[in-house]
Amino acid sequence: MKKILLLLSVFCFSIAVSAIENIKVGTTTRSMIVYAPDQLPKQAALVIACHGYNQDAPYLQSLAKWETIADTAKFVVVYANGVNKAWDIGGTSDLKFMETIIDSMYSRYHINKNRVYLTGFSMGGMFTYYAANKMADKIAAFAPVSGYPMGGPNATSSRPVPIIHTHGTADDVCGYDPVQSHINAWVKFNGCDATPVTIKPYPSSKPNSPASLKRYRNGKNGVEVALLTLAGKGHWWSMDTAQALTSEEVWNFCKRYSLGAEEPEILSITPENQSFDLLSDKDNEFAVTFSDSIDCSKVKATLQSGNTSIVLDVKSEGFQPEILFALPADATVADGEYTLAIANAVSVKGGVMPSESFTYVYGVEEVGETLSVDTIYMPDWYAEQPVIGEGIAAGWKRINTTSSGTKDVTAGGTANCPGVRMKYFQQGGDFDAGYYLSARDNSACNLYYGLYADQKLQLKPGKYVVSFNSVYWSEGAMSANATYNFNVMTLTYSPVFSALSLTSTGTMRESTAEQIKGSKAYEFNFAITKTASYVLNFEMAEGWNSVIVGNLLLTTAPSLADTYKGTFHRTMLAAKNIFKEGDTTAAAKKLKAAMEKYEGFTSTAPSVYTAATKELSAVLHAYEAEVTTSIQKTETELDRLDEEIYSLAGVRMGTDATALPKGIYLSKGKKFIIR
């Protein structure tokens, strides 16, 4: 008997590294390369690196190799791209670019805004000096390399700033001789010792190194100015292991500085985030552990749901790293989902934590033998090929907008339209049909679904999951760095959810006569608060760059209880269904012991359910592998599904589950596995 079991799929995504990505700075689109090491902690530092004139971010990345240091020290690196391969050292455009990068990295990685460092090579070094005068309130330390203001020294910053300047004595582009005058100006401005401490050779651990370091110490607010001289070196970023390594020296200098006190952060909270099945008459306390002692007289915790807002009592006093919050004795907590917001967490050192939020569900929810997920929209674009050809699928509208504002509108069903259109591929890959997405000769292209009366997308209040894949397409593309946006909108084009600057992976494709492999999968959760008609939107403004977007699926999201408790419950049910009493094999004994261990098991914590499911699944799969052959030999009846079946890649598999090989499939929005 083939076993068809429901399976909850959890997808994890990471931001692509070493690929150029776009970022909006006001109304302008800029670009950068972002590198974040694995297991990056909260409040990591940020290094922004600016290339030289007529160079770009990938070139500086190849020179500086910041990744090798970031992997160990755990900080984020952004290689910024200047406009026309140059930097604005007289206006505000690139200053705003730097501010946007900082804000973006804070939103993405929760970097420590007090520990942002700026470095630049050649003209990037000139810009670094310029920024030291213009945005010292945003950047903790500055590290110009082989570059300085050509108009002469100019130290007019809003505060004393730490600076390390690196330069080769044989530099024939930005000569070495003027460097000392710039150093002297900043030494005077910062109030540093006029006589430096000189270390030669530098580093002292390399006795044959021709490099030397001058340290002008004891500046105001503890800042220092340093000059690292690379004897005999030209106009370059030094990666010479025989002497000083530029990136390493810049990091070792900059990491000592911060704009202010470190932000405290929450290390743990009990009940843990996303706990469910909470009881209002019992689960009335929250224990929070911070990374530093917090002023209990200022911190505030609020439990909110819709129009209900309950301010929790603070049960701790003075400055404490562990604070107990409790619901007021007269508070009434109705069943439902709540957000716990913790704000005004001020540490004993003066650091302030931004507001943090956690999700909890009060009221016990029963779970069933199937994952409760409903399909809202899963288009079968491949089936439309005979009707529309390379056109626009039913229910969709394409709008191309030229730079002058002229709009080219193409409705669903139109065949062989230029620009954005359907493409079809060999079945069996990641997806077999998708939209060729490209602005082409236009300034922007948009695809919309849900605008037509006969193809409305009606959504009720609740949580939803949308997923799709994208792959780079080479025909007519300038490079494999195209980005696009995905939005869920109202009928008046007001976004209720946005996923911006999405990238792709996979082999660039010149032909449809192959399977799509290695595409990038995306899955997003969003919430709807009002019953209404909504619109799905793909948007691109990348000129001739192109991607193919396919495998679109919109479903309801499972509840937390169904996600965690339900997965465990269904794993236990699968174990009971397959276990044979009297089996004395080692695998059977382990499975029986695990079932006995978790009989009647219950919790409110997602992590506890996850650990229990993992342990039970391991012994279940080991037992399945042992008995699958005998089950298939002794059982003849096969489970059947009457609904259309799809692979996870969106390929239609028919309606007969008996004809399918082992694997994971979709039917009616539910994921199931045939073993």
Side-chain angles (χ1 to χ4, degrees), residues 18 20 30-35 46-70 75-90 93-95 97-98 101 116-135 139 141-151 161-179 182-183 186 211 213 225-241 243-254:
S18 300
I20 296 175
R30 302 295 299 270
S31 62
M32 60 188 178
I33 295 175
V34 179
Y35 181 81
L46 168 65
V47 172
I48 304 176
C50 300
H51 58 76
Y53 177 71
N54 207 31
Q55 298 173 354
D56 57 16
Y59 180 75
L60 181 58
Q61 182 184 34
S62 69
L63 292 180
K65 294 179 172 57
W66 275 106
E67 294 80 358
T68 57
I69 302 172
F75 60 86
V76 179
V77 182
V78 173
Y79 299 92
N81 256 331
V83 174
N84 296 323
K85 298 187 176 182
W87 296 101
D88 180 0
I89 53 177
S93 62
D94 283 328
L95 300 176
F97 184 22
M98 298 299 113
I101 289 174
V116 178
Y117 311 116
L118 179 64
T119 184
F121 174 70
S122 192
M123 190 180 190
M126 301 175 193
F127 174 70
T128 301
Y129 270 116
Y130 180 67
N133 282 325
K134 298 296 184 180
M135 54 186 308
I139 297 173
F142 299 83
V145 178
S146 302
Y148 45 75
M150 291 302 181
V161 292
I163 294 177
I164 180 171
H165 185 120
T166 305
H167 219 108
T169 58
D171 193 327
D172 58 354
V173 178
C174 294
Y176 178 79
D177 290 345
V179 172
H182 293 273
I183 294 298
W186 283 98
L213 179 70
V225 176
L227 172 58
L228 177 58
T229 298
L230 305 175
K233 296 299 182 182
H235 191 67
W236 54 27
W237 193 286
S238 176
M239 295 300 288
D240 185 353
T241 56
Q243 53 175 292
L245 303 175
T246 302
S247 298
E248 184 177 296
E249 296 301 328
V250 167
W251 171 247
N252 288 337
F253 177 90
C254 290

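A distance-only check finds a donor-acceptor pair linking the side chain of H167 to the backbone of C174 [under 3.5 Å]. Side chain of W87 to backbone of Y53: no donor-acceptor contact under 3.5 angstrom is found. When atom types are taken as modelled, the side chain of Y130 and the backbone of L95 share no donor-acceptor pair closer than 3.5 angstrom. Here the side chain of S238 pairs a donor or acceptor atom with the backbone of A244 at under 3.5 angstrom. A side-chain donor-acceptor contact under 3.5 Å links T169 to the backbone of G232. The backbone N or O of A64 sits less than 3.5 Å from a side-chain atom of S247, completing a donor-acceptor pair.
Scanning both residues, T128 and G120, for their nearest heavy atoms gives OG1-N, 3.2 Å. Taking each heavy atom of G175 and Y148 in turn, the nearest pair found is O-OH, 2.6 Å. A pairwise comparison of heavy atoms in D94 and A86 identifies OD2-O, 4.3 Å as the closest pair. Nearest approach of A231 to Q243, heavy atoms of both residues: O-NE2, 4.2 Å. When every heavy atom of A226 is checked against every heavy atom of I183, the shortest pair comes out as O-CD1, 4.2 Å. Residues L118 and C50 share a closest heavy-atom pair of CD1-SG, 3.9 Å.
The side chain to side chain contact (heavy atoms under 4.5 Å, CB included) test applied to Y59 returns Q55, D56, S62, L63, not counting sequence neighbours.
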Go through the steps for E248 and I69 under the test side chain to side chain contact (heavy atoms under 4.5 Å, CB included), then give the verdict. CA-CA 7 Å; E248 184 177 296; I69 302 172; 4.2 Å; yes

Applying side chain to side chain contact (heavy atoms under 4.5 Å, CB included) to V83 and R30, what does each step give before you reach the verdict? CA-CA 8 Å; V83 174; R30 302 295 299 270; 3.4 Å; yes

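Checking T166 against W237 by side-chain atom types alone, no donor-acceptor pair falls below 3.5 Å.
The structure places OH of Y129 at 8.5 Å from CH2 of W186, a figure rounded to the nearest 0.5 Å. Separating the CG atom in L46 from the OH atom in Y117 is a distance of 10.0 Å, to the nearest 0.5 Å. How far NZ of K65 is from OG1 of T246: 12.0 Å, rounded to the nearest 0.5 Å. Considering OG1 of T119 and CD1 of I164, their distance stands at 9.0 Å, rounded to 0.5 Å. H165 NE2 to H182 NE2: the interatomic distance, rounded to the nearest 0.5 Å, is 8.0 Å. Distance check: F75 CZ to W66 CH2 gives 5.5 Å after rounding to the nearest 0.5 Å.
Under the 4.5 Å side-chain criterion, counting only non-hydrogen atoms from C-beta, N81 is in contact with H51.
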